[in-house]
There are 2 protein chains.
Amino acid sequence: MTTVKDSQGRDNASLVNPSAVGLVAVIIAATDGEPRALTVQVEGQATGRSDGLPAGPLVPEHPTLERGLRAWVERQTHQRLGYVEQLYTFGDRDRQGDESQGLHSLSVAYLALVREVRPGGLAEASWRNWYRYLPWEDFREGRPAALAEIEPKLLAWAGGTGDPKLKRRREDRLSLTFGLCDGTWNEERVLERYELLFEAGLIPEAQGQSGAASPADLPVTGQPMAFDHRRVLATAIGRLRGKIKYRPVVFELMPPTFTLFQLQRTVEALSGTNLHKQNFRRLVAQQGLVEETDGVTSGATGRPARLVRFRREVLLERPAPGFRLRPAKRPT
Amino acid sequence: MTTVKDSQGRDNASLVNPSAVGLVAVIIAATDGEPRALTVQVEGQATGRSDGLPAGPLVPEHPTLERGLRAWVERQTHQRLGYVEQLYTFGDRDRQGDESQGLHSLSVAYLALVREVRPGGLAEASWRNWYRYLPWEDFREGRPAALAEIEPKLLAWAGGTGDPKLKRRREDRLSLTFGLCDGTWNEERVLERYELLFEAGLIPEAQGQSGAASPADLPVTGQPMAFDHRRVLATAIGRLRGKIKYRPVVFELMPPTFTLFQLQRTVEALSGTNLHKQNFRRLVAQQGLVEETDGVTSGATGRPARLVRFRREVLLERPAPGFRLRPAKRPT
DNA sequence: TCACTTATGCTCAAAATGAGCATTGTGCCG
DNA sequence: CGGCACAATGCTCATTTTGAGCATAAGTGA
């Protein structure tokens, strides 16, 4: 029964059950203080066009998953990728868009951070503010309106059970992910929130018809995406929000030189929260993340700001720090 | 050229290029203050037996990757899995043990944490101290001997290049991962260290003959494992070492009740470093991670310790904290 | 020059850390 | 039974690291 010999994943046994493997890329940029994801138009079977993430099958020519990804992305979007990391492998058989022909279809998702935003690239590829798809995640202007609309529906979902134990459990999850009871919002729990909304039937894709909503009328639960790409995006955002706290990855999104405030705006855009300005710059300074250039901004209103650049050397230094986010009580 | 329509990973295109997908599990337990991984005996093609991780192909019957994993593991090792999280998907074509027949073979690896260690389980499955495979990672008794032996070889590798720029880069990597120059050891960089050793040709598997060393004579670079399983293990350890700092996952490894010192020993076992006892308990206390029971230890020498249990409620509480590791200057 | 706006410097109290010293129970050994 | 050795616990203290703000500096536009 436990003949491990031919149960090894890479031996003949696995060849008997081939799977379809795809690659998906969540390509993130931040310009003008807005977080953006690169999207393409996807032609659904009978569902019309809808937004999706750049994706493609894994083909044997690619020696590496990551190489394959880069190839696909450059072909589809003409966007060069810089920083790339593996995000997650999605592979449930009941995944959306999966016809479950007895064949597993998995997608290996990658997260990429880029600087350049080529605005007039191809028509099929366009940068979209990621909060378009997850509007309840943006707390920069205070509690998002979308959240106010979603909240009663969530409470109704939690309450709409006969089983009191299940009800209790749902309420616990609500308070954990959305901080409904206690007012605690953890900006990293993006995926858990998405999945809760999905379970509660508040995500349009969940019903099976994805591209139903026209681009104009965003439902309160945001613009749908093709397949399970919204889930992938949620995963990416959660991961990125966590990562900026302990790794200097934001700089992958910044131009060669920038002001501390631009940097702050970028971090805020990603995390969806506001930070205390003075403390933010103190943190950046004492961590030695940047060095001054002799340039300053000009033209804009207010006192000109000094331009700084990322100190690449920190990547070779000790604990390689990021930002611990410190929310400000009041905006700015 | 950019007809995204049929370049979607999950459409017909991907069916044209099926891949062999396997599942691998890194199952971790900690007993008697030692970190252990569950291993099985693997029959290599011509390389004899060697240790490997429980693995199996992904078969269509499994609705979920995770379910498939659980099924395989329980079949192979009779070990029930509790906490499970996806670790990484390994898929480079030049992977070890991959015959590259033009077919991609990828392994989706999972990390599992378990409490029970069934000692006399099946003969094929056995718990092994993970430092058996990565002996340079254990700093609990001070700088590990293995590291002292490896160090000159690494320096030689770095120096053995004509290209001075490459040399410089290698030295930078050495100092970053092994902290050779400045004495900074970051216990999370397990994978980077493994990969560096691999590149430097110090990992036996790298040569192609895996099971060459008999279990008795561990090379300084540790006991080899089948396929790329040592890399998978390194990935798991690195991930776990990072995770315990911000998520209360250690408790998945603890029995229902335990002493604070046992808890500390477990954290130390995982991180491979020693902690300051008093500060450790202060941290645990103030984070509210545990609650006292009315039991105490007995029999052992020294003052009896109070038994505590994990407060499951913290999973529903605010930032869900873990341990920030604070290395002690002197042992204990 | 004034009004406004953003950049920067600095202060201060509170909380979190890092290192140790001191005390308290237990089992063991004359 | 008194004294030890050995852990478990309690507490102190000097630093750092946070969190919040106040105050000043340096441009732009009217």
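Protein chains get the first letters and strands the later ones, always in sequence-line order, with residue 1 at the start of each.
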> Hey, are B:Glu85 and B:Arg247 close enough for a salt bridge, meaning a charged N less than 4.0 Å from a carboxylate O?
Replying inline: no

>> Between A:Glu195 and A:Arg173 (salt bridge meaning N to carboxylate O under 4.0 Å), is one present in this structure?
In response: no

>> Taking any heavy-atom pair under 4.0 Å as a contact, classify A:Arg306: base, sugar-phosphate, or nothing.
In response: sugar-phosphate

>> Quick test of your reading: applying side chain to side chain donor-acceptor pair (under 3.5 Å), list the pairs with at least one residue in residues 289-302 of chain A, sequence neighbours left out, ordered by first then second residue.
In response: A:Glu291-A:Arg309

> Under the 3.5 Å rule, do the base of C:dG9 and the side chain of A:Arg281 count as making a donor-acceptor pair?
Replying inline: no

> Taking the inter-plane angle between the rings of B:Phe251 and B:Phe258 on a 0 to 90° scale, is it parallel (under 30°), tilted (30 to 60°) or perpendicular (over 60°)?
Replying inline: tilted

> Taking the side chain of A:Gln278 as heavy atoms from C-beta outward, which of D:dG10, D:dG21, D:dT18 is closest to it?
Replying inline: D:dG21

> Looking at the side chain of A:Arg282, which of C:dA7, C:dT11, C:dG20 is the nearest nucleotide?
Replying inline: C:dT11

>> OP1 or OP2 of C:dA7 versus the side-chain N and O atoms of A:Lys277: is any pair under 4.0 Å?
In response: yes

In whole Å, I'd like the distance from the [atom1] atom of [X] to the [atom2] atom of [N].
X	N	atom1	atom2	result
A:Leu275	D:dG19	CG	P	11 Å
B:Gln286	C:dG18	CD	C1'	13 Å
B:Arg265	D:dA7	CZ	C1'	11 Å
A:Gln262	C:dT8	CD	P	11 Å
A:Phe261	D:dA25	CZ	C1'	17 Å
A:Leu307	C:dT8	CG	C1'	15 Å
A:Glu292	C:dG9	CD	C1'	13 Å
B:Asn279	D:dC11	CG	P	15 Å

Counting distance only, does the side-chain N/O of [X] pair as donor-acceptor with the main-chain N or O of [Y] below 3.5 Å?
X	Y	answer
A:Arg36	A:Asn129	no
A:Gln264	A:Leu275	yes
A:Gln262	A:Thr259	yes

>> I'd like to compare against my own output: the B/S/- annotation of nucleotides 24-30 of chain C with a strict under-4.0 Å heavy-atom distance to protein.
In response: BBSS---

